[in-house]
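One structure is given below, encoded as structure tokens.
Protein chains get the first letters and strands the later ones, always in sequence-line order, with residue 1 at the start of each.
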2 protein chains.
Amino acid sequence: MRVLQTTQAQRLETIGRLRYFEHWNAQQVAAIAATANILAVDKGHELVTRGKPLNSLYLVITGEFRFFVPIPGGQARSLGLVGEGRSFGEACVELAINCPYSGVATTNSHVLAIEGTAFKHEVHKSTRLLSQLLALVANRLMSVMNDLETCAQHSSLQRVACYLGQFQPPGDASSYAVPIEGRKKDIATRIGLTPETFSRVLTTLEQNGTLSSKGKVITVLDAARLRQIYLNGCEPGY
Amino acid sequence: MRVLQTTQAQRLETIGRLRYFEHWNAQQVAAIAATANILAVDKGHELVTRGKPLNSLYLVITGEFRFFVPIPGGQARSLGLVGEGRSFGEACVELAINCPYSGVATTNSHVLAIEGTAFKHEVHKSTRLLSQLLALVANRLMSVMNDLETCAQHSSLQRVACYLGQFQPPGDASSYAVPIEGRKKDIATRIGLTPETFSRVLTTLEQNGTLSSKGKVITVLDAARLRQIYLNGCEPGY
DNA sequence: CGTAATCTTGAGGCTCGTCAAAACAAGTGG
DNA sequence: CCACTTGTTTTGACGAGCCTCAAGATTACG
């Protein structure tokens, strides 16, 4: 990881292109640009570490980051991916606490690192920015609650069914595609399973016609049956 | 559950006694008091339900509520307790989404129900109130992340060790008390175990001198060993 | 003091994790 | 374009750990 040498003008320009700052006025942007840095992060580098202080918040300009909770002597628990234009670290910066997760670059990436205190200072003067940040943190809370519900399911079948059910579009289409970003391994650990078990469950569900799994493309074919599996658990026949 | 007939003066007086509103000025308090109600909730009544809209946020005046995620055909996953002076529902109200958890009164309780739209309207006009709410939601996020980490542990021993480790006070005292509010059953499901397994793990840890468990009082006696269990997992001898 | 709820203890079955190896996919350099 | 490397996914066999069911002990409460 290295800090790119940038001028204030360059940083302003970068920030100006990010939708994250679309409600920020020129003065607010200038204040945080003055303390910001652009970092080049190599693939595989751990930019933030669970338990360590987090003095900046980060915005992904290009590339992608994977987040997880490390577990002593075992598979880390995945939390998800953050791609271009999205951010992380707000809640830690806000509370000035140690980071509860680790994050590594999945690709060579560029990130904008914004000094936490400057960010807080600007945001806390504006109801508009505070509202925006509040919504972001609240959404993150809901997302984690959702994960928590999924891994609270008893059986591996139910966990997978619960996970896949999230992606059902509004309406009652019985067939829909499930987006798989990143590795299946990460989906597995995210819902509290090993990659092996996750793979086995997918083949089971494929064999009984509930879904089709071809490489990185999973398609739910029978949403009603998926829902039955979720509700009934280990009903005989599955 | 019944709505108590109250006057604006009574509601103002109730709100005035709650620390939650200590940074609210008279005008702000008056605005939400106008839309508020005081509810008497019987023990066991489910005030909020997972998946249902939540149009109010709630403040517990007297009594206590238990929150959980219901799981089809099995033990619900506990989320924790909310006692007097504390609140719930902010994040749902903010995002205007369905409630991700259910909550029941553990005792006959009185709660202040505040109309969500009025609350939002007032809060979003003030940087001070927004900051307060942001901190509250961020803290809740961290709390859930913490739970998530605990139930991500592999073995039941590690989960319990991880849970108990949270309560270690700063410094390196090897002995400390663990507060148990509510039922052990709820601690168990909160960390992804059955009550039976949780009970067994406690007796195991008691037999090897790591802690003492007498009814509702758990005392960690050997914090260093607890930490070893957490780190090493199924090390022989435990 | 009696009823209800919670907690503990016991026995057994089954799911899931572990280990290991093969199949597959993707990216690299010649 | 193809061999090679690296990393991910799949498949198989096996065993441990946890959940389930059930009954007893303990606590809380009216």
Side-chain angles (χ1 to χ4, degrees), chain A residues 43-44 66 71-78 81 104-108 151-161 180-207 211-218 229 233-236 238, chain B residues 43-44 64 66 71-78 81 104 106-108 151-161 180-207 211-218 229 233-236 238:
Chain A
K43 172 177 178 173
R66 178 174 62 242
I71 303 292
Q75 300 272 14
R77 164 83 44 130
S78 290
L81 298 171
V104 304
T106 63
T107 322
N108 292 340
C151 28
Q153 303 297 325
H154 308 324
S155 75
S156 57
L157 264 152
Q158 280 174 302
R159 286 217 266 268
V160 173
I180 300 199
E181 44 177 28
R183 309 174 296 186
K184 283 187 179 174
K185 177 184 181 176
D186 292 320
I187 298 178
T189 67
R190 184 166 180 174
I191 61 180
L193 298 175
T194 58
E196 293 94 327
T197 303
F198 183 55
S199 173
R200 281 186 248 269
V201 170
L202 284 182
T203 35
T204 303
L205 290 173
E206 183 162 30
Q207 281 166 3
L211 55 79
S212 133
S213 171
K214 289 167 191 156
K216 283 230 172 304
V217 182
I218 293 181
I229 293 171
C234 27
E235 173 132 316
Y238 295 112
Chain B
K43 172 175 179 175
E64 191 190 54
R66 177 175 61 241
I71 304 293
Q75 299 274 12
R77 165 83 44 131
S78 290
L81 298 171
V104 304
T106 64
T107 323
N108 292 340
C151 21
Q153 303 297 326
H154 307 323
S155 74
S156 56
L157 264 151
Q158 279 174 303
R159 287 217 265 269
V160 173
I180 299 198
E181 43 177 28
R183 308 175 296 186
K184 282 188 179 173
K185 177 183 182 177
D186 291 320
I187 298 179
T189 67
R190 184 167 181 173
I191 61 181
L193 297 176
T194 58
E196 293 94 327
T197 303
F198 184 57
S199 173
R200 280 185 249 270
V201 170
L202 285 182
T203 35
T204 304
L205 289 174
E206 183 161 30
Q207 280 166 3
L211 56 78
S212 135
S213 171
K214 289 166 190 157
K216 282 229 172 307
V217 182
I218 293 181
I229 292 172
C234 29
E235 172 132 316
Y238 293 111

Comparing nearest nucleotides in DNA chain C, the 5'-proximal residue of the pair A:Gly73, A:Lys216 is A:Gly73

So CZ of B:Phe198 and CD1 of B:Ile191: to nearest 0.5 Å the spacing works out to 5.0 Å

Between CZ of A:Arg159 and P of D:dC19 the distance, given in whole Å, is 10 Å

Side chain to side chain contact (heavy atoms under 4.5 Å, CB included) evaluation trace for A:Leu202 with A:Ile218 = CA-CA 9 Å; A:Leu202 284 182; A:Ile218 293 181; 3.8 Å; yes

B:Arg66 atom CZ is separated from C:dA5 atom C1', nearest whole Å, by 12 Å

Residues A:Cys151 and A:Gly192: closest non-hydrogen pair is CB-N, 4.4 Å

dist B:Ile229:CD1 -> B:Leu157:CG (nearest 0.5 Å) comes out at 6.0 Å

Check: Quick one: do the B:Thr197 and B:Ser156 side chains pair a donor with an acceptor below 3.5 Å?
Finding: no

When rounded to whole Å, the CG to P distance for the pair A:Leu202 and D:dT11 reads 10 Å

When A:Asp186 and A:His154 are each assigned the nearest nucleotide of DNA chain D, the 5'-most assignment goes to A:Asp186

note: A:Gln75, atom CD; C:dC16, atom C1'; distance rounded to Å ~ 13 Å

* To do: Kindly say if A:Lys185 contacts the phosphate of D:dG7, meaning a side-chain N or O under 4.0 Å from OP1 or OP2.
  => no

In whole angstroms, the gap separating P of D:dC18 from CG of B:Leu157 amounts to 7 Å

Between CG of B:Asn108 and C1' of D:dC29 the distance, given in whole Å, is 14 Å

Separation of C:dT15 atom C1' from A:Gln158 atom CD, nearest Å, is 12 Å

How would you label the contact of B:Gly192 with the nucleic acid (heavy atoms, under 4.0 Å): base, sugar-phosphate, or nothing? sugar-phosphate

Taken to the nearest whole Å, NZ/B:Lys43 to C1'/C:dA4 is 10 Å

Heavy-atom closest pair (B:Arg66 atom, B:Arg183 atom, distance to 0.1 Å) is CZ-NH2, 3.0 Å

One would report the end-axis bend of the helix from C:dC1-D:dG30 to C:dG30-D:dC1, five pairs per end and rounded to 10 degrees, as 50°

Within residues 194-201 of chain B, the residues having a heavy atom closer than 4.0 Å to DNA chain D are B:Thr194, B:Glu196, B:Thr197, B:Arg200

Here the gap from B:Leu193 atom CG to B:Lys184 atom NZ, rounded to the nearest 0.5 Å, amounts to 13.5 Å

Pairing donors with acceptors under 3.5 angstrom, does anything connect the side chains of B:Thr106 and B:Glu64?
yes

d(B:Ile180 CD1, B:Lys216 NZ) to nearest 0.5 Å is 6.5 Å

